[in-house]
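Naming: A, B, ... by sequence-line order, numbering from 1 per chain.
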Amino acid sequence: MKTALQLQQRIVAFIGGARDDFDALALEVFAFQFERNAAYRAFCERKDRTPDRVAHWTEIPAVPASAFKQLPLTCFPPDDAVTEFRTSGTTQPCSGRHLFKTLDLYDAAITPNFNAHLFPDGAKMPLLSLVPDDPHSSLAYMIRKLGARCVERLETVEQPVCLLGTAFGFLKLFDDGISLRLPPGSRAMETGGFKGRTREIAKTELYEMFEKHLGIPPTHVVNEYGMTELSTQFYDETLYVGHQSDVKHSPAWARVRVIDPQTDEEAAPGVHGLLRIYDLANLWSVMCLQTEDLGVREDDGFVLFGRAPGAMPRGCSLNAEALLSA
Amino acid sequence: MIATLDQLREAVRRVLDARQFLLEARRTDAIVKALAAAAQHWLPPSSPWRAQAVEQAPAVTGFSTEMVNEAIDRIFGAITAESLGVFLDRELGDRRALDEFHPHGPAQARAFGVPLIVHWLAGNVPAPGIHSILNGLLLRSGNVVRMSQHDTVFPRLFVESVREADPDLAMGVELLEWPHTDAALTQAAMAKADAVIAHGDDSTMAALRRAAPAGATFIGYGQKVSFAYLCREAMTVDQLPALAAAAAEDVSVYDQQGCLSPHVIYVEERGALSPRKFAAALAEAMGAFQARIPRGALTMEEAAAISTTRNGYEFRSASDRRIALWASDKPNEWLVVYEDDPSFAPSCLNRVVFVKPTDGGRRVLEAIQRHAARISTVGVAPISERTTEFAAQLARLGIHRVCPLGQMQRPPLWWFHDGRANLSPLVRWTELG
């Protein structure tokens, strides 16, 4: 246990800005998780990727996100969990569970990354959240930790504010006809997409509505990509680079690869694929997650397209999603 | 080429004229002869129709060239003068019913194809569209066909092959393309329709039903899935290779894009061989089928869906003995998932199939009950007294086709497509006496 805590402290320090080697840390985390998590170990053995055969972080086996729906993926007795976050089941009947032995890593990972992408200018302003509180929502937890104030509705303010909400929540606000001119410098973080919602719109259309309804230009709206199964969030570089951009970068303690599902190999530049995320802050669950989200590599970052829809049948056949939702 | 409103109206006028001036006076045996000749021209390896389809269809439909060749053999091999004659006899009582009055009880009756049929094709698999056009031509109706962007090749080449065999007959069909979102064009096509035959998803079906004239016959073929059920009697060493090959064929043909493709194969336990053994044999047969007829091109979304399914089951199989999987060496060619869980698991398509053990037909009925309205075909082995009883129970759930395993993708011309006759809803009768 001492080694695990030392590893945790080392990762916390890395997140806090200490110099360290991602690859070396990743291999240590992998060896730790291989030893502590029987289901993961069995999976790695099946793939013949055991710690003695893995020489680089890119070779670490990725756990499919759906595995969180099947069993608690922990490196500790599940009964010892201090917190449980759940995925919002959309079309799937059961939700996934991410159990935490400690929130130290989760907490450490929230603020530096958020600040780097929402306040690269060092601005200080109140955070207002439109996300309903929910003890099992990782998003709600993150927003609490950031010290945001939950508001039911928005009103005119004198000083700039930073709004936090889901894309769907903001859209509802716009559909309800809100019309404010928030002070210049105000900004917004939107997240979550439209999974399973009745109304979907394009990102550009949504961002135009931020400007029209709230006076926040697209250069001040940032998309956040987070998952219940992870401990680290990813953000558009928009405010950081000073113009609207869909590119996200990993913080030092995480990596994102794009895997071409046609080959199961890393996608060539410009080729779309499924995002595979390596998150050292996921020390007590699984570090390497195979998401069901499509994206593409862009320079040294990535662009997220969102959840890959079930293969859409071209005609009279029916896919799983359609059948189960019928 | 997207049709304009004027082109569409002109097309309607042309097929109605063709019907009135060229087709009405034709006799069935001549039409049967022409259609059979057109179909037979597709079959030789050197057929120009085949060559064009093989050249053009893969890019549009996504199917491999081998699959296109297989589709041609299946579709056109089944269209003969004999089978068309039997088809007419079965559906209209007598193949001459469209030519003359013939006995109808103590009186006489004669059938007339409705003047105008609008066909709305889905384009996922070629057979339904070709059969739809074939039916309209057999009945000497005027046919306006809205093709899907996913398959403009097969309908066009088929009509051209009919034109070669019988130019007048081909005047009875106009092929057009327009976006399904263009309500004005859809309305214009439908305005004079006596019958609408629609293939497609639920929203398309609902929209077309609304657009069809109040008095028109509406025949909708909505989205369906299929499954198979193997009895323990079939689970013997002797029968295993043939059964596995038959199942692999049903799964692999048309890459599960059609509604006749099985998603799940239920296998009864307590046979000489276990359901797991069957799954392993099926995997081998899937590999053999892939070697002969490769799966078609996948979109990124399709590949992602398979990859996600495979990863999920691979993870579970490592520590859950109720699950096993067999995957092609190259990613995504085919995937067999064995899962000891009776629930009906729809596949993500493109040659991904579940094998599930079951202790009997009753359990299967429970598992599929809530999806029954969405199930087209049930392949069974063997056909026996037990499976006849099973078929009766499936019928009570509203499932319309039970057939031998290996025949799921080969419905005869006269099959009751989604439980209905094909020609009789498209004719009107005149009685004499």
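The minimum heavy-atom distance between A:Gln262 and B:Asn332, with the atom names listed, is CA-ND2, 3.9 Å.
For NE2 of B:His180, the number of neighbouring non-hydrogen atoms (other residues, nucleotides, ligands) closer than 6.0 Å is 12 at most. For CZ of B:Arg420, the number of neighbouring non-hydrogen atoms (other residues, nucleotides, ligands) closer than 6.0 Å is greater than 12.
Interface remark: B:Thr299 contributes backbone atoms only to the contact with chain A (heavy atom separation under 4.5 Å). Contacts between B:Asn311 and chain A at a heavy-atom distance below 4.5 Å involve backbone atoms as well as side-chain atoms. Looking at A:Leu71, only its side chain comes within 4.5 Å of chain B, counting heavy atoms on both sides.
Interface remark: of the candidates A:Gly273, A:Pro61, A:Ser66, A:Ala39, A:Ala39 forms the most heavy-atom pairs closer than 4.5 Å to chain B. Chain A forms the most heavy-atom pairs under 4.5 Å with one residue out of B:Ser376, B:Pro331, B:Ser307, and that residue is B:Pro331. Note on A:Ala67, A:Ala42, A:Pro64, A:Ala62: by heavy-atom pairs under 4.5 Å with chain B, the leading option is A:Pro64.
Interatomic distance, A:Tyr40 OH to B:Ser319 OG, rounded to the nearest 0.5 Å: 13.0 Å.
Checked for salt-bridge contact, B:Arg310 and A:Asp264 meet the test: a charged N lies under 4.0 Å from a carboxylate O.
Counting heavy atoms from C-beta outward, A:Thr263 and B:Lys330 have side chains that stay 4.5 Å or more apart. In this structure, the side chains of A:Gln70 and B:Asp320 stay at 4.5 Å or more apart for every pair of heavy atoms.
Between the side chain of A:Glu292 and the backbone N or O of B:Thr308, no donor-acceptor pair lies under 3.5 Å.
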